Amino acid sequence: MIRHSAAELAAALEAGETTSVALTRACLDRIAEVDGSVHAFLHVDAEGALAQAEASDARRAAGETRGPLDGIPVAVKDVLATEGLPTTCGSRILEGWVPPYDATVVTRLREAGLPILGKTNMDEFAMGSSTEHSAYGPTRNPWDLDRIPGGSGGGSAAAVAAFEAPLAVGTDTGGSIRQPGAVTGTVGVKPTYGGVSRYGLVALANSLDQAGPVTRTVLDSALLHEVIGGHDPRDSTSIDQPLPALVEAARAGASGDLTGLRVGVVTELGGEGYQPGVLARFTEALDLLVEAGAEVVEVSCPTFVHALATYYLILPAEASSNLAKFDAMRYGLRTWPEGVESPSAEEVMRATRDAGFGDEVKRRIILGTYALSSGYYDAYYGQAQKVRTLISRDFAAAFEKADVLVSPTAPTTAFRLGEKLDDPIAMYLNDLATIPANLAGVPGISVPSGLADEDGLPAGFQVLAPALADDRLYRVGAALETLLAKKWGGPLLDRAHALAEEAAR
Ligand code: GLN
């Protein structure tokens with residue numbers, strides 16, 4: 001049961017072949033079985049999930065089912081506020097904090113009837129590409145437990161890849177949904193900026209953050225996106241427009257016909273620095289799109305080579321200002337400085353922030369406050385904002401020539417735990433291909449492209465679309481999924497399943 005897609009499970013519920021309680025229990029059993037080694041979850045809410053599942057079954061019996069995913073369990077990244085459930089953002093500074101309210105995304109999951117299994121592990125405050133910066137220990141990739149599951153949303157991706165949950169929610173500020181998707185063989189979507197509410201999402205960088213679906217199939221992502229997306233008056237950057245028809249686009253794309261679609265290959269998002277196997281799977285996928293009727297054009301976005309540098313000024317600037325609220329006074333951790341009899345508020349603040357934040361968080365606070373300081377503001381933050389505009393213009397020009405843009409999602413397959421932990425730049429480089437979309441606010445999807453190295457690890461194919469055209473991601477993603485399934489002969493994740501099974505023994 002746990003290996004089925006959410007769409008299949010929904011059909012089974014509809015047909016009366018199973019119950020939400022049975023599905024939820026199966027996920028909880030699976031978590032109990034494998035999460036000791038995978039560590040995708042920071043908190044599991046068995047009792048709450050089962051109560052929500054019972055309520056879903058009761059609704060179904062009364063003919064009051066709320067929507068296609070009513071009764072399907074979901075896991076939520078620990079950066080989204082959940083009333084009554086701990087929300088730590090992978091940080092010691094929020095250890096034990098239980099929010100008094102739900103993020104809008106969580107409210108929508110509850111209203112649509114999805115039992116919430118628990119909160120998934122992440123790099124501290126979503127800073128990282130490996131989940132190793134979590135203060136609670138890393139998540140492991142179910143494909144190979146010595147490897148990273150990507151980050152910062154490695155917990156959500158691993159939970160889905162290890163069949164602990166059919167669906168999960170992640171957040172993507174520079175690639176944290178798409179890059180984990182690529183290295184765990186799952187599907188991940190970063191919606192258009194403003195397409196999913198940020199209310200109750202603990203901000204890393206407000207102008208870049210977007211929550212989105214993490215699933216095993218493209219259709220499942222579309223179904224989940226329709227639940228969590230759409231206008232929210234509580235988020236001032238939320239787009240006041242209906243979502244495009246995402247599920248319809250996924251279903252249409254699944255036929256594998258892309259006649260007339262113009263696909264732009266971005267010169268700057270490939271080549272040097274990308275693993276040969278990752279590029280080989282990318283090229284093969286491209287050939288399949290051509291067979292499906294798409295026209296491939298080469299597009300150049302010259303400013304994309306500055307995207308990483310731009311991001312690592314804008315993100316730390318916003319993050320340093322956001323993280324100022326963790327002051328030991330209002331909520332979260334409070335650490336008393338050692339050997340000081342009656343410490344001042346500032347001394348408590350300093351001791352708390354020293355004990356509560358990890359190295360990567362401190363690094364970015366320093367970087368951000370420096371970039372924003374009055375003498376350097378124009379030289380760093382101001383310049384970065386200008387380059388950001390140029391990146392958006394490159395996107396606009398590219399979308400004149402192509403309906404969607406494509407690239408490998410991440411430059412390599414999953415690396416080993418510890419391999420890049422002491423080298424921040426090497427860690428940052430994982431997001432080379434995903435960051436431009438966040439800077440410009442455009443949507444992107446990562447779809448598994450096949451196994452890309454001698455160890456049989458997966459890679460991802462990224463599709464980017466113009467802002468508000470998220471439906472194109474689903475059309476192309478679903479087509480690619482259909483075409484690739486023919487080549488690879490069934491779900492790629494079967495291997496991960498076997499490995500996670502082995503690991504549990
Ligand atoms: N890895 C990137 C970073 O460390 C992206 C993080 C994210 O998308 N949350 O900032």
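Counting starts at 1 for both ligands and their atoms, in listed order. What's counted below: heavy atoms across the whole structure, side chains too, no hydrogens, waters or symmetry copies. Just so you know, these numbers come straight off a predicted model, no measurement behind them.
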Parallel, tilted or perpendicular, as decided by the 30° and 60° cut-offs, for the rings of F395 and F304: tilted
Under 3.5 Å donor-acceptor, T267 side chain and V299 backbone: yes
Check: A126 N/O within less than 3.5 Å of ligand 1 N/O: yes
Option nearest atom 10 (O) of ligand 1 (shortest heavy-atom distance, choices Y428, F125, Y311): Y311
Atom indices of ligand 1 within 4.0 angstrom of D172 heavy atoms, with elements: 8 (O)
Aromatic contact, Y136 with H39 (centres under 6.0 Å): no
Atom 2 (C) of ligand 1: the protein heavy-atom neighbour that sits closest, reported with distance to 0.1 Å: D431 OD2, 3.0 Å
R363 atom CZ: more than 12 heavy-atom contacts under 6.0 Å: yes
Sub-3.5 Å N/O-N/O distance, S129 and ligand 1: yes
CA sep, side-chain torsions, deciding dist, call: L417, R147, side chain to side chain contact (heavy atoms under 4.5 Å, CB included): CA-CA 5 Å; L417 287 158; R147 306 215 180 221; 6.0 Å; no
Within-cut-off N or O pair, M127 and ligand 1, under 3.5 Å: no
Between Y312 and Y380, ring centroids under 6.0 Å: no
Y312 neighbourhood, listing ligand 1 atoms whose heavy-atom distance to it stays under 4.0 Å: 2 (C), 3 (C), 4 (O), 10 (O)
With L429 via side-chain contact (heavy atoms from CB on, under 4.5 Å) - residues at least two apart: L308, I425, L432
Ligand 1 N/O within reach of G151 N/O, cut-off under 3.5 Å: no
Closest protein heavy atom (residue, atom, distance) for atom 6 (C) of ligand 1: S176 OG, 2.9 Å
Ligand 1 N/O within reach of G175 N/O, cut-off under 3.5 Å: yes
Residue pairs passing the salt bridge (Lys or Arg N to Asp or Glu O under 4.0 Å) test where at least one lies in residues 192-209, sequence neighbours excluded: R198-D235
Heavy-atom gap R364 to ligand 1 smaller than 4.0 Å: yes
